[in-house]
Number of protein chains: 2
Amino acid sequence: MERPGIELDTSLGYLLKEASSALRGSMEEVLRPLGMTITHYSCLELLAQRPGLSNSELARGTFVTRQSMNVLLQALERDGFVERASEPPTGRALPTRLTASGRRSLDQASAAVRSVELRMLAQLSDAEQADALRILRTMVRSLRGERD
Amino acid sequence: MERPGIELDTSLGYLLKEASSALRGSMEEVLRPLGMTITHYSCLELLAQRPGLSNSELARGTFVTRQSMNVLLQALERDGFVERASEPPTGRALPTRLTASGRRSLDQASAAVRSVELRMLAQLSDAEQADALRILRTMVRSLRGERD
DNA sequence: CGTTCCATGTCAGTAGTCTGACATACGCTG
DNA sequence: CAGCGTATGTCAGACTACTGACATGGAACG
């Protein structure tokens, strides 16, 4: 046949999607009992490490649109997990912070997610993990670089 | 602070999500002018390499549920890109095949997707690409292994 | 032979994310 | 200072994929 299709078995793109899908499935599995989605968790985790991020910054950090993050933030604020400034200190960006309740909720989720990540890395040496970090960063840079 | 959260900057899970998101964005960008989504394209590509796959097999190969794939297959059949057997040869599985129109549509999409994949790999040596394949396969196996 | 279990196809409802659109705030530049 | 471009927040609608549910066909087993 010799058609110029993409060989799935040796395609890094396909394998990347497969790995990402497997990770997503495992994370959803452990977060579901906590009543959390992945984006939900990602938002809280990002806020813990970088308090005061705005809606748009959180959206970029979790790889969703700012519209989607806006919907999520409204729910998180309504449920008391985060609080947003009522007035923008400058521009239009509203800084967001975790509440004590949000922090407790996040701590549970972090433990669950860390167990998944440890399982994913269990069969990899430190050198392989470092290689993977470097290679994935290179791939991201190449994909973004020529598109912007 | 020393809270036991996950360090995003050095987390392979986070980077995996970032890389997958960047790849998805680039693929959507080149497939959109062709009127195709990623799952749409993935289904056709899979059918080209393995003609006669059933709905459930296509779903597993593209990492969506069989319900989602069913909706997509109905649309693809309606638009004349694939054809399904009217009667199951055995069991309930209905084999699916590309039509000539579907093949033409796929060839355009394949070229576009291949250009994205080439760009993603441009800065990686052959050895690095092989390492990435091996490491990602190991991660997938670890994630699936303990869940089933 | 009948029961049990699993895989498949399909329908319906739900949830999460996206695109499109608009108003507002800041920075740059003529 | 007026105009332009960019970034942000937000609302509304559409779309995609998901979960839940049910029926059917085959295989394994007692």
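All chains are named by letter (A, B, ...) in the order of the sequence lines, taking the proteins before the strands, and each is independently numbered beginning at 1.
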Between P of D:dC18 and CD of A:E29, the distance in whole Å: 15 Å
Where A:G102 and A:L44 come nearest, the two heavy atoms and their spacing: O-CD1, 4.2 Å
d(CG, A:N70; P, C:dG20) in whole Å: 18 Å
Closest to the A:V64 side chain, choosing from D:dG9, C:dC18, D:dC11: C:dC18
Nearest-angstrom distance from the residue atom OH of B:Y41 to P of D:dT16: 19 Å
A:T37 side-chain proximity, nearest of C:dG16, C:dC26, D:dC11: C:dG16
Nucleotide of D:dG9, D:dC18, C:dT8 approaching B:S56 most closely (side-chain heavy atoms): C:dT8
Euclidean distance, atom CD of residue B:E28 to atom C1' of C:dC18 [Å, nearest integer]: 9 Å
Among C:dT8, D:dT8, D:dC11, the one nearest B:A93 by side-chain distance: C:dT8
Side chain of A:R66 (C-beta onward), nearest among D:dT8, C:dG20, D:dG20: D:dT8
Interatomic distance, A:L53 CG vs D:dT8 P [rounded to whole Å]: 11 Å
Distance-only polar pair, side chains of B:S42 and B:T39, donor-acceptor under 3.5 Å: no
Presence of A:N55 side-chain N/O under 4.0 Å of D:dT8 phosphate oxygens OP1/OP2: no
5' precedence on DNA chain C between A:V71 and A:T90 (nearest-nucleotide basis): A:V71
Side-chain donor-acceptor contact under 3.5 Å, B:R119 with B:S26: yes
A:L73 vs A:C43, side-chain contact (heavy atoms from CB on, under 4.5 Å): CA-CA, chis, key distance, verdict: CA-CA 9 Å; A:L73 274 186; A:C43 176; 4.0 Å; yes
Options C:dT8, C:dT24, D:dT10, nucleotide nearest the side-chain atoms of A:R92: C:dT24
Listed nucleotide nearest any side-chain atom of A:R60, set D:dT8, C:dT19, D:dC18: D:dT8
Residues A:R134, A:D131: salt bridge by 4.0 Å N-O rule: yes
Euclidean distance, atom CG of residue B:L72 to atom P of D:dC15 [Å, nearest integer]: 15 Å
salt_bridge(A:E18, B:R144) N-O dist < 4.0 Å: yes
Short side-chain N/O contact from B:T39 to OP1 or OP2 of D:dA17, under 4.0 Å: yes
Candidate nucleotides C:dA21, D:dT19, C:dT8, ranked by approach to the side chain of A:Q67 - the nearest: C:dA21
Closest-nucleotide 5' rank along DNA chain D - winner of A:R32 and B:P88: A:R32
Distance, rounded to the nearest Å, where A:L73 contributes CG and D:dT8 contributes P: 14 Å
Any A:S68 side-chain nitrogen or oxygen under 4.0 Å from OP1 or OP2 of C:dG16: no
Touch class at under 4.0 angstrom, heavy-atom based, for B:L94 against every strand present: sugar-phosphate
B:E87 CD - D:dT24 P separation (whole Å): 15 Å
Distance test, side-chain N/O of B:R84 to OP1/OP2 of C:dT10, below 4.0 Å: yes
